[in-house]
Amino acid sequence: DSGVTQTPKHLITATGQRVTLRCSPRSGDLSVYWYQQSLDQGLQFLIQYYNGEERAKGNILERFSAQQFPDLHSELNLSSLELGDSALYFCASSVTVNTEAFFGQGTRLTVV
Amino acid sequence: GNSVTQMEGPVTLSEEAFLTINCTYTATGYPSLFWYVQYPGEGLQLLLKATKADDKGSNKGFEATYRKETTSFHLEKGSVQVSDSAVYFCALSDPGMDSSYKLIFGSGTRLLVRP
């Protein structure tokens with residue numbers, strides 16, 4: 001158990017809908033990363049937050065957004081969902097921006 | 001830009017066979033290199049890492065050496081077990097201009113070890 005908790009584990013929703021994925025980092029970790037794992041794109045970095053502030057952005061679609069709250073948990077919001085958004089979404093956390101990141105078990109999103 | 005290329009799988013071996021999974025990288029700076037493992041239905045676990053040239057990372061019988069001259073970080077294990085069956089990802093972290101230690105992953109190599 002990495003100490004990073006993601007909920008829900010599985011999510012099935014219809015095209016056009018909006019979902020929120022939640023991540024609780026390890027106790028004491030200030031940095032949160034979101035990654036998407038899909039069959040065609042592999043594992044891709046989406047976005048990073050550090051202590052509530054956006055730190056870096058990767059290949060994140062405009063339909064997607066994220067935030068990190070004062071208690072350091074993070075949410076990834078996916079809207080106007082398309083079939084191609086079906087993927088495993090991972091959250092990872094680290095103590096600071098340049099230390100080893102620990103991954104959660106992921107949320108499997110299926111868009112039908 | 002930065003990228004990681006690893007050998008395509010699946011790699012199928014018999015128990016106690018020698019394992020090599022090739023990984024090469026392209027980076028503009030001086031990256032740290034990692035191998036992550038993903039067991040079925042689970043998240044990613046860090047297997048080993050190396051932060052500078054000629055460093056050797058090792059864990060659970062797996063080893064990889066950071067070779068700057070060949071931009072490689074090949075994963076090796078002398079004798080694989082059935083329990084090593086998983087998907088292995090090579091990754092790099094190069095802070096670059098945004099000082100973010102985000103990971104850039106290779107495409108993953110599935111390893112299947114037969115009894």
Side-chain angles (χ1 to χ4, degrees), chain A residues 1-10 21 23-26 29-51 53-60 66 68 87-108, chain B residues 1-10 21 23 25-52 55 57-59 64 86-110:
Chain A
D1 182 2
S2 68
V4 178
T5 304
Q6 290 188 247
T7 56
K9 285 190 168 42
H10 302 277
L21 312 184
C23 170
S24 294
R26 294 186 319 155
D29 284 2
L30 300 177
S31 192
V32 169
Y33 302 78
W34 285 98
Y35 293 85
Q36 179 195 58
Q37 185 179 29
S38 62
L39 284 174
D40 54 344
Q41 299 286 336
L43 261 164
Q44 288 200 93
F45 167 71
L46 294 178
I47 198 163
Q48 178 195 3
Y49 279 82
Y50 176 74
N51 204 20
E53 300 289 326
E54 183 184 300
R55 185 63 184 246
K57 229 172 188 177
N59 298 323
I60 187 166
Q68 186 178 26
L88 195 50
Y89 291 84
F90 286 110
C91 169
S93 73
S94 62
V95 175
T96 64
V97 293
N98 62 345
T99 52
E100 176 187 330
F102 292 83
F103 282 77
Q105 302 266 37
T107 293
R108 182 168 295 283
Chain B
N2 297 338
S3 65
V4 175
T5 303
Q6 59 182 109
M7 63 189 286
E8 292 205 15
I21 301 178
C23 171
Y25 68 89
T26 301
T28 52
Y30 301 93
S32 295
L33 301 174
F34 306 83
W35 278 99
Y36 279 83
V37 59
Q38 185 177 27
Y39 297 102
E42 297 188 15
L44 293 161
Q45 298 176 28
L46 178 64
L47 183 58
L48 53 85
K49 67 179 181 183
T51 57
K52 61 183 189 300
D55 268 2
S58 61
N59 185 26
V87 180
Y88 292 81
F89 292 91
C90 184
L92 70 79
S93 174
D94 184 5
M97 297 187 63
D98 60 10
S99 299
S100 169
Y101 285 74
K102 60 185 177 292
L103 292 164
I104 296 171
F105 288 91
S107 55
T109 302
R110 182 176 299 278

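Reminder, nothing fancy here: chain letters follow the sequence lines and each chain counts from 1. Fair warning: this is a prediction, and the values are worked out from it, not measured in the lab.
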Interchain contact, B:F34 with chain A, by part (heavy-atom threshold 4.5 Å): neither
Heavy-atom distance under 4.5 Å to chain B: side chain of A:Q37, backbone, both or neither? side chain
Given the options A:Y35, A:Y33, A:Y89, A:L46 meets side chain to side chain contact (heavy atoms under 4.5 Å, CB included) only with A:Y89
Evaluate the side-chain proximity of A:E54 to A:Q48: yes if any heavy-atom separation is below 4.5 Å, no if none is. no
Could you look at A:Q44 and say if it's the side chain, the backbone, both or neither that has a heavy atom under 4.5 Å from chain B? neither
Check whether B:L44 gets within reach of chain A through its side chain, its backbone, both or neither, counting any heavy atom under 4.5 Å. both
Checking side-chain contact (heavy atoms from CB on, under 4.5 Å) for the pair A:L21/A:W34: CA distance, chi angles, key distance, verdict? CA-CA 10 Å; A:L21 312 184; A:W34 285 98; 4.1 Å; yes
Proximity breakdown for A:Y50 and chain B, heavy-atom pairs closer than 4.5 Å: neither
May I ask you to test the B:S107-B:Q6 pair for a side-chain heavy-atom distance under 4.5 Å? yes
With respect to B:L92, which candidate in B:P31, B:S3, B:C23 satisfies the side chain to side chain contact (heavy atoms under 4.5 Å, CB included) definition? B:P31
Where does B:Q45 contact chain A at under 4.5 Å (heavy atoms): side chain, backbone, both or neither? neither
